[in-house]
Amino acid sequence: MNNAQDILFKSIQQGLSELYSISTTNISFQKTRKEFEGDFTLVTFPYIKDAKKSPEILGQELGNYLQQNNAQVKSFNVVKGFLNISLNDSFWLNYFNAVKNKSNIGYKAPNSSGRKVMVEYSSPNTNKPLHLGHVRNIVLGYSVAQLLAANGHEVIKTNLVNDRGIHICKSMLAWQKFGNGETPQSTGLKGDHLVGKYYVVFDKAYKAEIETLVKEGKTKEEAEKQAPLILEAQKMLQQWEAGNPEVVGLWKTMNNWVYDGFAITYKELGVDFNKTYYESDMYLLGKEVVQDGLNKNVFYKKENGSVAIDLTKEKLDEKIVLRADGTSVYITQDLGTAIARFREFNSLNQLIYTVGNEQDFHFKVLFSILEKLGYDWARECYHLSYGMVELPEGKMKSREGTVVDADDLLKGMFETAKATTEELGKVEGFTQTELENLYHLVSLGALKYFILKVDPKKKMLFDPKESIDFNGHTGPFIQYTHARIKSVLRKAGEYSTSEIETIQVNDIERELIKSVYDFEAVLEEAGQNYSPALIANYVYELTKLYNRFYHDVTILKEENQRLKEFRLQLSKCCAGVIANGMNLLGIAVPERM
RNA sequence: GGUCCCAUAGCUCAGUUGGAUAGAGCACAGGUUUUCUAAACCUGCGGCCCUUGGUUCGAAUCCAAGUGGGACUACCA
């Protein structure tokens, strides 16, 4: 079936040509705003000069032409330079009949685009637990992967774990010195929290040392470089690189504690990965790349032995890619990892990095270097740059203890969901397991929706003092609407799902069909823009519309049998789109709540 | 200093390639249930879309300058 826009486009093109001899492909229309009557609106201002007509007359003439020459056009009205066009109900009913029994309205068939895309997200350090900033990353990355899959791409979800480096050594050293052999088992602490605890311990002790040195007359910078603890941590890193068995053993033990902890949080969040990379496996690759770059004269060796690239022409300055002591920096590993990924998945079309916008500069440099090294696919690398999550007092800082811990947050949300549900008391007959599942589902819905409804590119504010809402423009509102629909459908029992042809649809029913119709375009746009927010806001609009329908129109008590069947079918259709839309956000919807 | 990002209702956010009287939610004031789940629905209140100039038939949207906020500018990650 041709879509509405195509049908109108052709007619309007013909009309402009026949009436005014205007030949143009510059015809775009938008959805008619709800305060006016109509489905689509053509702005006629662009044509009045060539047509030598006033906007009102041109609108009238073109409207008449459309009505006479296009069987789908029911009526039109003209307001100043706006031609509002209504399509026949039969058009909308035909559309409805065509899609209503599909399980994935608007989705492209799996892997139908022929594109293979890797989405990297999460990518944590293993020296501390996850916080709200990571949660935004994780929830966003997972949702974008869902969006791309729904747009027909083959998606590989990956995690790049930053499991090596000085920061890990800090936790290790502090544990060694002050840990008294503590383990997750002995303390009952989640592994990542235990390791994070010692990261903080290190920082405190380190700061104390700096203070002492400053009192002894050293400058702050000198003190920071000379404090015994930092020297010891650096030595530990060298030992690690040298393969010292004791250090490597401790490193493995503590990292495994962290992985066990992360696994729990990922499971709580309902996300997964197809492949996990570890920087400890990748960092040596970067050194080969550096050699390759030297051979190609893309890089050059500086006097002190470090290797650099000149990106001043790109306004990116000179960038060091290998330290004078031969150890790799962050970007060295990223170069190696990117190349390894394109080698491993040789038909990879795109690589998406879900990383905060504080690293915009880093990725510009990375992609630029890859291009200079001659990798054409560098242009297919995309930095999905998202805004920071800020608290009312500003940015979260791990060391200052102002972070919102992911596990605490999830737990708090769960308790709120539980309290709210109990207060409303609609869950008679639920088993304990079903209740737990519901609390979990609703709390995650609230949290994920709260994060995903805002444009990823923008920073967002989180106020720990105000709990995330469950009413209004929220995840639970949408989940609730889904449960309501399911409740009606359960009570309806068996009903016909045959084609609907002869009924009279009312305004709100037509609006609902139109809203369902829009989903395909929204999904496409959300995929192109890597923006779950478009889906989130769309689903909200549909849900709000459905609630008005639910309120104003009776379904089960409708006496006209065909009308009742239509309303049931429409309800089921909306529930499906709502569930699929939420699924794209990584949010489940309940049958009852 | 340089580069980049942001600024819309009291608060949190929408506003697709420029289009009609700039929209939601929260908060505040009020109303709706003997009827399919009131986590809902309806009404009201609330705006120099940061400022100034420019482009255009038309600017919250594009351009320039300014103001305010933020990020980056490591041989950290």
Side-chain angles (χ1 to χ4, degrees), chain A residues 28 30 32-36 41 43-46 48-49 55 79-82 84 123 125 127 162 164-167 279 302 304-308 315-317 319-334 356-362 364 385 387-388 390 394-395 417 420-421 423-424 426 442 446 450 453-455 457-463 466 469-481 483-492 521-522 525 528-529 531 533-534 536-537 540-541 544 547-548 550-558 567-568 571 592-593:
Chain A
S28 63
Q30 56 234 52
T32 301
R33 299 176 64 125
K34 57 182 174 237
E35 57 265 40
F36 299 96
T41 294
V43 182
T44 56
F45 289 116
I48 55 178
K49 217 186 274 172
V79 182
K80 290 186 274 184
F82 301 88
N84 301 317
S123 305
N125 294 350
N127 62 325
N162 183 14
R164 61 167 288 283
I166 190 74
H167 49 292
E279 285 197 1
K302 298 182 53 160
N304 65 1
S306 62
V307 179
K315 290 188 183 172
L316 297 172
D317 254 324
K319 182 76 192 170
I320 298 289
V321 293
L322 197 69
R323 291 192 189 104
D325 66 2
T327 57
S328 63
V329 291
Y330 183 46
I331 203 155
T332 323
Q333 315 168 36
D334 268 354
N357 65 10
E358 55 194 353
Q359 294 193 39
D360 285 356
F361 182 77
H362 171 77
K364 275 185 197 161
S385 164
M388 298 289 101
E390 289 180 9
K395 207 183 160 185
T420 309
T421 306
E423 197 180 320
L424 292 168
K426 297 181 186 177
V442 172
F450 176 80
K453 76 172 176 182
V454 339
D455 184 337
K457 290 198 282 292
K458 294 192 177 175
K459 68 175 182 211
M460 61 179 290
L461 192 108
F462 176 81
D463 188 347
E466 290 176 32
D469 237 305
F470 282 53
N471 298 322
H473 187 183
T474 67
F477 166 80
I478 296 166
Q479 291 172 318
Y480 169 73
T481 306
R484 267 182 142 182
I485 299 175
K486 284 307 177 95
S487 173
V488 174
L489 293 174
R490 272 193 303 275
K491 288 190 172 150
V522 172
E525 201 189 338
Q528 278 161 8
N529 293 298
S531 178
L534 297 178
N537 287 303
Y540 174 64
E541 291 300 326
K544 220 166 35 148
N547 273 309
R548 211 165 77 224
Y550 182 93
H551 182 269
D552 293 351
V553 178
T554 60
I555 302 169
L556 295 175
K557 292 200 168 149
E558 171 57 45
R567 287 174 182 163
L568 285 165
S571 297
R592 279 183 65 192
M593 71 184 271

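These numbers come from a predicted model, not from an experiment. So that the names make sense, note that chain A is the first sequence line, chain B the second, and so on, each numbered from 1.
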Sticking with atom [atom1], work out how far [N] lies from [M], rounded to a whole angstrom.
| N | M | atom1 | result |
| --- | --- | --- | --- |
| rG53(B) | rG15(B) | C1' | 25 Å |
| rU61(B) | rA14(B) | C1' | 14 Å |
| rC41(B) | rG66(B) | C1' | 47 Å |
| rC72(B) | rG25(B) | C1' | 34 Å |
| rA59(B) | rC49(B) | C1' | 11 Å |
| rA9(B) | rC26(B) | C1' | 12 Å |
| rG10(B) | rA71(B) | C1' | 28 Å |

So what does [X] touch, heavy atoms closer than 4.0 Å: a base, only the sugar-phosphate, or nothing?
| X | value |
| --- | --- |
| Arg548(A) | sugar-phosphate |
| Met593(A) | base |
| Gln333(A) | nothing |
| Lys457(A) | nothing |
| Leu461(A) | sugar-phosphate |

Next on the checklist: Quick check, does Phe82(A) stack with rA20(B)? I mean ring centres under 5.5 Å and planes off by under 30°.
Outcome noted: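 Yes, Phe82(A) stacks on the base of rA20(B), since the ring centres sit under 5.5 Å apart and the planes are within 30°.
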
Next on the checklist: Using a 5.5 Å cut-off between ring centres and planes within 30 degrees, is Phe45(A) stacked on the base of rG58(B)?
Outcome noted: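 No, Phe45(A) does not stack on the base of rG58(B).
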
What is the separation between atom [atom1] on [X] and atom [atom2] on [N], rounded to the nearest whole Å?
| X | N | atom1 | atom2 | value |
| --- | --- | --- | --- | --- |
| Asp455(A) | rU12(B) | CG | P | 16 Å |
| His473(A) | rG23(B) | NE2 | P | 17 Å |
| Leu534(A) | rU17(B) | CG | P | 12 Å |

Checklist entry - If each of Gly305(A) and His551(A) is mapped to the nucleotide of RNA chain B with the nearest heavy atom, which maps nearer the 5' terminus, i.e. the 5' end? => result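 Its nearest nucleotide being more 5', the pick is His551(A).
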
Item to check | Residue whose closest nucleotide on RNA chain B lies nearer the 5' end, Asn125(A) versus Gln30(A) | outcome: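 Between the two, 5'-proximity favours Gln30(A).
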
Checklist entry - Does a distance-only test, which skips hydrogens and angles, find a donor-acceptor pair under 3.5 Å between the side chain of Thr41(A) and the base of rA20(B)? => result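 Side chain to base: pair present.
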
Checklist entry - Does a distance-only test, which skips hydrogens and angles, find a donor-acceptor pair under 3.5 Å between the side chain of Asp334(A) and the base of rA77(B)? => result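 Result: no qualifying N/O pair found.
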
Item to check | rG23(B) pairs with, by Watson-Crick or G-U criteria that keep both distances under 3.5 Å | outcome: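 Pairing partner, where one exists within any strand: rC13(B).
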
Checklist entry - Which one is paired to rG66(B), where only Watson-Crick or G-U wobble pairs with both distances under 3.5 angstrom count? => result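 Because both required distances fall under 3.5 Å, rG66(B) counts as paired with rC50(B).
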
Taking the side chain of [X] as heavy atoms from C-beta outward, which of [options] is closest to it?
| X | options | answer |
| --- | --- | --- |
| Glu358(A) | rA71(B), rA77(B), rC41(B) | rA71(B) |
| Arg484(A) | rG19(B), rA40(B), rA14(B) | rA40(B) |
| Lys80(A) | rA40(B), rG15(B), rA20(B) | rA20(B) |
| Phe361(A) | rU73(B), rG19(B), rG23(B) | rU73(B) |

Next on the checklist: Can you tell me how the ring of His473(A) sits relative to the ring of Tyr540(A), calling it parallel under 30°, perpendicular over 60° and tilted otherwise?
Outcome noted: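 Geometry flag for Tyr540(A) against His473(A): parallel rings.
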
Next on the checklist: As a quick check of understanding, evaluate salt bridge (charged side-chain N to carboxylate O under 4.0 Å, His left out) for Glu358(A) and Lys459(A), giving each step before the final call.
Outcome noted: CA-CA 11 Å; Glu358(A) 55 194 353; Lys459(A) 68 175 182 211; over 6 Å; no

